[in-house]
There are 2 protein chains.
Amino acid sequence: MAMKTLLEHPDVKAFVIHWGEMGTQWGVNRSVSQIHALLYLSDRPLPADEITEALGLARSNVSTALKELQGYAIVRRVHVEGDRRDHFVAETDLWEMLLRIAAERKRREIDPTIALLGELAERLRHDETAPKLVRERIGRMHEFISTLGNWYEQVRGLPKPTLVALMKLGGKVARFVSPLKGKAKS
Amino acid sequence: MAMKTLLEHPDVKAFVIHWGEMGTQWGVNRSVSQIHALLYLSDRPLPADEITEALGLARSNVSTALKELQGYAIVRRVHVEGDRRDHFVAETDLWEMLLRIAAERKRREIDPTIALLGELAERLRHDETAPKLVRERIGRMHEFISTLGNWYEQVRGLPKPTLVALMKLGGKVARFVSPLKGKAKS
DNA sequence: CATAAGTTTCTGTTTCTACCGAAACGTCTG
DNA sequence: CAGACGTTTCGGTAGAAACAGAAACTTATG
């Protein structure tokens with residue numbers, strides 16, 4: 001069994017384990033992250049059964065986790081010639097991976113938060129009874145998160161080579177904002 | 001009791017509750033986030049007892065949570081004239097808040113991950129037995145996260161007005177990388 | 001249609017984690 | 001030193017997830 005071989009390697013195992021722990025600390029369940037890690041390192045599409053066996057999880061659990069990963073669009077189902085079973089592969093472009101995870105978490109958690117803050121801010125604007133500071137701070141929070149959201153949507157649309165270039169620029173991008181700024185780190 | 005008044009307001013309560021839920025989804029415990037929300041909206045430094053009473057938490061729990069928030073450096077202890085008790089205030093500059101939370105999470109979770117990936121990548125580089133793809137992908141992951149980390153360290157050092165300006169630029173920063181890129185969104 | 005594959009749902013168990021409340025302890029201050 | 005304040009620790013509990021394993025069900029395929 002090819003997967004046995006893969007996970008038998010101590011470094012591969014260490015990676016999978018650590019990735020699983022990472023996930024839990026960011027609110028992603030362990031099975032999901034581990035399966036992702038496994039697929040990321042696999043040199044070929046894996047059927048669910050093999051994942052089940054390799055990680056020692058219940059088949060039902062693997063099914064759910066795969067669905068979740070496809071919800072993030074970082075794992076996709078592929079067809080393998082001569083095999084009726086579904087197989088799965090992970091996105092290996094790390095930029096793409098990061099952007100997709102971010103997109104999904106924004107959709108699930110940030111957008112609803114913005115919506116709620118919007119309601120609260122709007123209502124508070126007309127609410128004379130509310131403390132001035134409360135009105136101001138909830139308003140500022142709404143504005144802040146919205147701005148971040150908009151920024152993300154724009155950055156997400158940039159071509160990857162541009163992202164890479166911007167990243168490498170680091171703090172130096174500040175130069176373009178104001179000639180005087182951004183010199184501290186250059 | 002001033003805090004009673006504050007939390008009695010339905011919108012304030014909604015904010016605190018939602019902030020608490022948000023926290024849990026990102027791996028921060030509910031008490032910690034709720035206390036942070038409460039302090040963020042408060043117009044004055046609050047003593048631990050008042051927080052305890054307002055949120056209905058155990059005193060020990062509040063103490064631990066406050067310590068955690070101070071670990072993130074988004075809440076600090078202040079002295080109030082004529083009161084022996086410690087009082088606490090939250091950072092209200094949202095940029096500062098975000099950067100500090102990011103810094104601490106990086107320190108706790110990302111840095112150790114980079115360190116581990118570094119070890120694995122290094123060991124795998126000399127390990128002929130490991131599958132080529134595994135060596136390559138763990139190496140790339142290490143490089144990728146390291147790059148992100150370095151980028152963050154640089155951005156963190158920029159003055160806030162610069163950050164705000166960059167954020168407002170959005171996708172337009174791409175112009176500075178290559179004249180041809182970044183036009184899609186402009 | 002018989003079988004393989006896959007998903008979904010359910011029940012039950014286990015495991016975490018949050019949280020409470022009490023106690024012990026340290027520190028400061030009138 | 002007595003009392004106020006604060007932290008830390010500890011035992012216990014409750015709730016939430018994660019997960020296993022079985023079963024029901026759908027769908028595709030030879």
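So that the names make sense, note that chain A is the first sequence line, chain B the second, and so on, each numbered from 1.
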**Message:** Under a 4.0 Å threshold between the charged nitrogen and the carboxylate oxygen, would Glu143(A) count as salt-bridged to Arg140(A)?
**Reply:**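 Between Glu143(A) and Arg140(A) there is no salt bridge, as every charged N stays at least 4.0 Å from the carboxylate O atoms.
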Gap between atoms [atom1] and [atom2], on [X] and [N] respectively (whole Å):
| X | N | atom1 | atom2 | value |
| --- | --- | --- | --- | --- |
| Leu66(A) | dT8(C) | CG | P | 11 Å |
| Glu53(A) | dG21(D) | CD | P | 14 Å |
| Glu68(A) | dA17(D) | CD | P | 14 Å |
| Asn61(A) | dT13(C) | CG | P | 18 Å |
| Gln34(A) | dA20(D) | CD | P | 10 Å |
| Asp86(B) | dT27(C) | CG | P | 15 Å |
| Arg84(B) | dA2(D) | CZ | P | 16 Å |
| Glu50(A) | dG6(C) | CD | P | 12 Å |

Please tell me if [X] has a side-chain N or O lying less than 4.0 Å from either OP1 or OP2 of [N].
| X | N | result |
| --- | --- | --- |
| Arg59(B) | dT7(D) | yes |
| Ser31(B) | dC19(C) | yes |
| Lys67(A) | dT8(C) | yes |
| Asn29(B) | dC19(C) | yes |

**Atom of Glu153(B), atom of Lys106(B) and distance for their closest heavy-atom approach** =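 Answer, listing the atom of Glu153(B) first, then Lys106(B): OE2-NZ, 2.7 Å.
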**Request:** Please state whether the rings of Phe176(B) and Phe176(A) are parallel, tilted or perpendicular, taking 30° and 60° as the class boundaries.
**Result:**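 Geometry flag for Phe176(A) against Phe176(B): parallel rings.
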**Asked** Among side-chain atoms of His79(B) and Asp86(B), is any donor-acceptor pair under 3.5 angstrom?
**Response**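 Judged by distance alone, the side chains do not pair up.
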**Prompt:** Of the nucleotides dG21(D), dT8(D), dT7(C), which one has an atom closest to the side chain of Ser63(A)?
**Reply:**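 Among dG21(D), dT8(D), dT7(C), the one nearest the side chain of Ser63(A) is dT7(C).
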**Request:** Could you pick out which residue, Val62(B) or Ser60(A), lies toward the 5' side of DNA chain C when each is mapped onto its nearest nucleotide?
**Result:**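 Nearer the 5' end of the strand: Ser60(A).
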**Item:** Along DNA chain C (nearest heavy atom to each residue), the more 5'-positioned of Arg30(A) and Asp83(A)
**Value:**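 Result of the comparison: Asp83(A).
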**Request:** Under 4.0 Å between any heavy atoms, over every strand shown, what does Arg85(B) touch: base, sugar-phosphate, or nothing? Just pick one.
**Result:**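 Sugar-phosphate only.
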**Prompt:** Counting any heavy atom closer than 4.0 Å, what does Gly56(A) reach on the DNA or RNA strands: base, sugar-phosphate only, or nothing?
**Reply:**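 Sugar-phosphate contact only - Gly56(A) comes under 4.0 Å of backbone atoms but never of a base.
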**Request:** Enumerate the residue pairs fulfilling ring-ring contact (aromatic ring centres under 6.0 Å, His included) with a member in residues 89-146 of chain A, sequence neighbours excluded, ordered by first and then second residue.
**Result:**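 ring-ring contact (aromatic ring centres under 6.0 Å, His included) check on residues 89-146 of chain A returns Trp95(A)-Phe144(B), Phe144(A)-Trp95(B).
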